[in-house]
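When a ligand or atom number is given, it counts from 1 through the structure's own listing order.
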Amino acid sequence: MMPIERYRSLEQIQSALRKGECTMKEVVHAYLERINGTAHVNAYVRVFRDEALQQARELDTRLQNGESPGPLFGLVASIKDVICYAGHPVSAASGMLQDYISPFSATAVERLTGAGAIIIGMVNCDEFAMGSANENSWYGPTQNGLHTGYVPGGSSGASAVSVQLDTCLVSLGSDTGGSVRQPAAFCGVIGLKPSYGRISRHGLIAYASSFDQIGIIGKNIPDLYAVLQVISGPDEKDSTTTHHLLVGAGIPESIPIEGTRIASFSNAFHAGGVQAEIRDAFNDRLDTLDQAGYQVDHIEFPLLEYIVPTYYILTMAEASSNLSRYDGVRYGHRTKHAGDLEELYGRSRSEGFGTEVKRRIMLGTFVLSSGYYDAYFQTAQKVRRKIMDTIQTILDTHDFIALPTTPETAWKIGEKVEDPVSVYLSDIFTVLANLCGIPAISVPLGQDKNGLDFGIQLMSARDTEEKLLAMSKILIDIQ
Ligand code: GLN
């Protein structure tokens with residue numbers, strides 16, 4: 001069998017295919033073998049074996065006939081079970097959507113396949129993308145691919161694992177508060193959350209619409225950029241898509257050392273909370289940048305303690321509203337034990353949703369209820385605005401903000417299920433980018449004494465993904 005891990009990038013696969021060193025059928029076969037061989041991690045909830053092989057054969061024929069194959073030919077991707085793919089089931093890892101088959105494809109999927117990519121399967125995640133460990137799933141938890149018994153992060157945990165274990169080249173996940181970056185950090189791969197509106201949300205099952213964004217997980221920056229270029233851009237089916245196009249001239253080769261300023265938050269480490277190995281590796285990497293001539297400023301971010309509460313109040317409010325559509329009438333699970341309409345709603349939702357989703361619907365409904373709307377929802381909206389303005393001020397004078405991706409490395413499966421608040425608090429460094437709609441990326445930074453991976457995160461101003469990707473390359477190479 002072909003050793004697929006030998007091909008480390010899209011460029012290598014495309015070159016091998018063009019030179020006839022391998023066929024697409026062999027590439028897909030090799031990935032399918034790896035999916036089979038790693039089934040114990042519970043990453044894939046659906047594998048499109050026959051379809052993917054058929055598409056591979058078609059591509060081989062096109063290449064043999066000298067026909068143009070599309071910019072993403074050779075790319076094999078997995079997609080998170082919250083992204084619609086026409087004619088295929090999509091369930092948001094929820095009992096509520098078992099048996100649901102999507103009649104349409106997400107814009108991102110349409111663009112991906114339209115450019116010649118092959119979708120090999122759909123991967124596990126937290127139910128409706130709510131979680132940080134991939135444990136809140138109808139299909140059971142996904143294991144970290146290299147550390148049995150540990151979580152892979154979440155909610156796009158299995159997306160990260162599918163890339164970590166070379167069962168595909170890239171994966172599409174979704175990132176509402178870190179769900180692409182945090183699992184990427186826990187699995188030693190790269191995760192990009194683009195600016196809000198960069199990629200159409202049409203066909204992405206909604207969690208919190210003013211935060212949600214499709215993100216890309218892969219093993220190198222050029223692969224992420226190749227996918228981003230294809231799937232991003234305005235879409236008439238999502239009015240929040242940005243009209244600021246990518247420059248499209250490629251990722252800048254380098255970022256000028258002179259005049260490039262990077263901010264980090266000195267108070268990020270004050271409260272303790274951050275694992276010493278992560279803190280030290282993070283500071284070392286910034287020192288290296290500083291010594292190379294980049295200007296690194298350690299500044300105070302006074303609103304740090306407000307970002308997690310603000311994020312959770314607002315996302316739970318939006319979730320409670322978004323998830324009201326699952327009523328047992330229009331689609332999704334319908335109870336078999338209802339006497340009247342009221343009971344039909346109540347029982348269908350009680351039976352269909354899992355514990356974490358119910359918790360969030362209840363809290364979200366609470367913060368939106370008439371007696372508490374001003375105290376919680378409206379106040380959180382105001383704080384969000386203040387956080388956005390403060391970050392904008394920092395980005396007016398700095399090109400990038402650097403933070404660790406997570407305060408700690410992966411925990412053991414089951415270790416935190418009884419303590420949701422500690423899991424919420426572990427999102428402290430990632431939710432900021434979603435509150436502000438700015439792009440953010442996590443790249444591997446190091447490993448702790450148990451060999452568990454952690455990452456460093458970089459953020460930049462809205463719609464500056466190319467600059468962000470260029471700096472990320474430097475961040476990886478400079479170590
Ligand atoms: N862990 C965060 C949450 O549970 C982020 C999830 C996400 O980005 N989808 O809300």
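Closer than 4.0 angstrom to ligand 1 by heavy atom are Ala129, Met130, Gly131, Ser132, Ser155, Asp175, Thr176, Gly177, Gly178, Ser179, Tyr207, Tyr311, Tyr312, Arg360, Asp427, sorted by chain and number.
Donor-acceptor pairing under 3.5 Å is recorded for the side chains of Glu466 and Tyr225. In summary, the side chains of Asp212 and Thr176 do present a donor paired with an acceptor at a separation below 3.5 Å, with no hydrogens or angles considered.
Between Phe186 and Tyr150, the distance from one ring center to the other does not fall under 6.0 angstrom. For Phe454 and Phe282, the gap between ring centers reaches or exceeds 6.0 Å. Note: Phe104 and His202 meet the aromatic proximity criterion, with ring centroids under 6.0 Å apart.
Considering only heavy atoms from C-beta on, Tyr331 comes within 4.5 Å of Tyr326 through its side chain.
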